[in-house]
Amino acid sequence: MSQVTVKTDIRGVLFDNVTMDEAAAKTAELINSEGLDYIFTPNSEIVQACIDDPSLYDAVNSASLIIPDGIGVVYASKILKRPLKEKVAGFDLSKRVLDYAAKNGKKVFFFGSSPAKDDVPAVCDIAAEKIREIYPGINICGTRHGYFSREDTDNIIEEINSSGADILFVCLGAPKQEKWIYENREKLKVSLAMGLGGSLDVYAGTVKRAPGIFIKLNLEWFYRLIKQPSRIGRMMNLPRFLFGTIFFKLSGKDKKNTK
């Protein structure tokens, strides 16, 4: 029987209050259960997007496992006096999943990121080759870049389903990937889908993850800002979310359990 996790409401998003080890164990259960399950990894920006556009709540909260992929969400949980155990980074969980897939013969499909350009292969293909080096024996049964029109969706789903994939990484960026999985949840035949943002770019080496010291100090957001100053507009969602959460708590809205 699948273990039930405790849900924690952070501004209307229902996070599973789990450690990384607990999230990995739950993920293994989902991979081996009947039907489609999916995992979302909201950070402060995604939660703020839900606050700004409440129609996103249904999609995000429909996931089988929702993990806090950002220290801002953990800080908000403490402000609201319902602390989450720890940040559970989606990229780190994806490494656990790839390791599990390699050791247990599960097939993985990569969907997302940039297509081939000039003489450079698609990011999903570069990521697949590098992951095969890291996880010997892993079965990456298919790849598909993330540039498509709505009319292409059925063909993409057929490609994924025909591959026999057990696990699907959807890396379209938020909230596009969450919407895509939610809208197509009745058509997908995989066991587990994960919304993983720019993870394929990191695996491919086209985007560098923050050095360990930044991760340890919960300053990944600062490293990304240094590397990509153009992200300053998006980064402003972090203080907007945290100050908004303080006001949300002080105003008494939290007691009314409103979003």
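Position 1 is the first residue of the sequence, and the numbers go up from there. As the structure is a computational prediction, the values presented were derived from the model and not from experiment.
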Side chain proximity check, [X] to [Y], heavy atoms < 4.5 angstrom:
X	Y	result
Phe241	Ile10	yes
Val123	Asp125	no
Val88	Asp69	no
Tyr38	Glu178	no
Phe15	Val73	yes
Ile79	Phe248	no
Lys87	Met20	no
Lys78	Pro83	yes

Under 3.5 Å, side chain of [X] to main-chain N/O of [Y], donor-acceptor pair present?
X	Y	answer
Asn32	Ala28	yes
Asn61	Leu14	yes
Asn104	Tyr100	yes
Asn161	Lys189	yes

Is there a chain of hydrophobic side chains (I, L, V, M, F, W, Y, each step under 4.5 Å between heavy atoms) that links [X] to [Y]?
X	Y	value
Phe110	Val190	no
Leu188	Val108	no
Leu172	Ile46	no
Met194	Leu98	yes
Ile134	Phe109	no

Using every non-hydrogen atom in the two residues, find where [X] and [Y] come nearest and quote the distance to one decimal.
X	Y	value
Gly72	Ser44	CA-OG, 3.3 Å
Leu65	Ala23	CD2-O, 3.9 Å
Cys141	Ser163	SG-OG, 3.5 Å
Ala102	Pro136	CB-O, 4.2 Å
Ser33	Ser191	O-OG, 4.3 Å
Gly105	Asp166	O-OD2, 4.3 Å

Ignoring hydrogens and angles, state whether a donor on the side chain of Asp58 or Ser62 is under 3.5 Å from an acceptor on the partner side chain. no
Is it the case that Ser113 and Asp201 place a side-chain donor and acceptor less than 3.5 Å from each other? yes
Ring pair (Phe, Tyr, Trp, His ring centres under 6.0 Å) involving Phe111 - partner list, sequence neighbours excluded: Phe148, Trp180
Val13 vs Ile66, test: side-chain contact (heavy atoms from CB on, under 4.5 Å). Steps then yes/no. CA-CA 9 Å; Val13 174; Ile66 304 173; 4.1 Å; yes
Qualifying residue for side chain to side chain contact (heavy atoms under 4.5 Å, CB included) with Leu30, from Leu36, Leu192, Val97: Leu192
With sequence neighbours excluded, what pairs up with [X] under the side-chain contact (heavy atoms from CB on, under 4.5 Å) test?
X	value
Glu22	Val18, Thr19, Lys85
Ser149	Glu151, Asp152
Arg132	Ala128, Glu129, Ile138, Ile140
Ser94	Phe91, Phe169, Leu196, Tyr203

For Val47 and Asn43: C-alpha separation, side-chain torsions, deciding distance, then whether side-chain contact (heavy atoms from CB on, under 4.5 Å) applies. CA-CA 6 Å; Val47 179; Asn43 57 14; over 6 Å; no
Can I get a per-line list of side-chain donor-acceptor pairs under 3.5 Å for residues 153-160, giving both atom names and the distance, sequence neighbours left out?
unit_1	atom_1	unit_2	atom_2	d
Thr153	OG1	Arg150	O	3.1
Asp154	OD1	Lys187	NZ	3.0
Glu158	OE2	Ser162	OG	2.7

With sequence neighbours left out, what residues match Asp119 under salt bridge (Lys or Arg N to Asp or Glu O under 4.0 Å)? none
Contacts of Lys7 that satisfy salt bridge (Lys or Arg N to Asp or Glu O under 4.0 Å) - sequence neighbours left out: Asp16
Considering only residues two or more places apart or on different chains, which pairs with a residue in residues 93-106 satisfy salt bridge (Lys or Arg N to Asp or Glu O under 4.0 Å)? Asp21-Arg96, Asp92-Lys95, Asp99-Lys103
Apply side-chain hydrogen bond (donor to acceptor under 3.5 Å, both in side chains) to Tyr147 and list each qualifying residue two or more places apart in sequence or on a separate chain. none
Any residue meeting side-chain hydrogen bond (donor to acceptor under 3.5 Å, both in side chains) with Thr41, in chain and number order, not counting sequence neighbours: none
CZ of Arg11 to OG of Ser77: how many Å apart, nearest 0.5 Å? 13.0 Å
Share the residues that join Ile126 in a hydrophobic cluster, the rule being Ile, Leu, Val, Met, Phe, Trp or Tyr side chains under 4.5 Å apart at the heavy-atom level. Val120
Verify salt bridge (Lys or Arg N to Asp or Glu O under 4.0 Å) between Asp52 and Arg240, making sure each step is shown before the conclusion. CA-CA 11 Å; Asp52 293 339; Arg240 187 159 76 94; 2.7 Å; yes
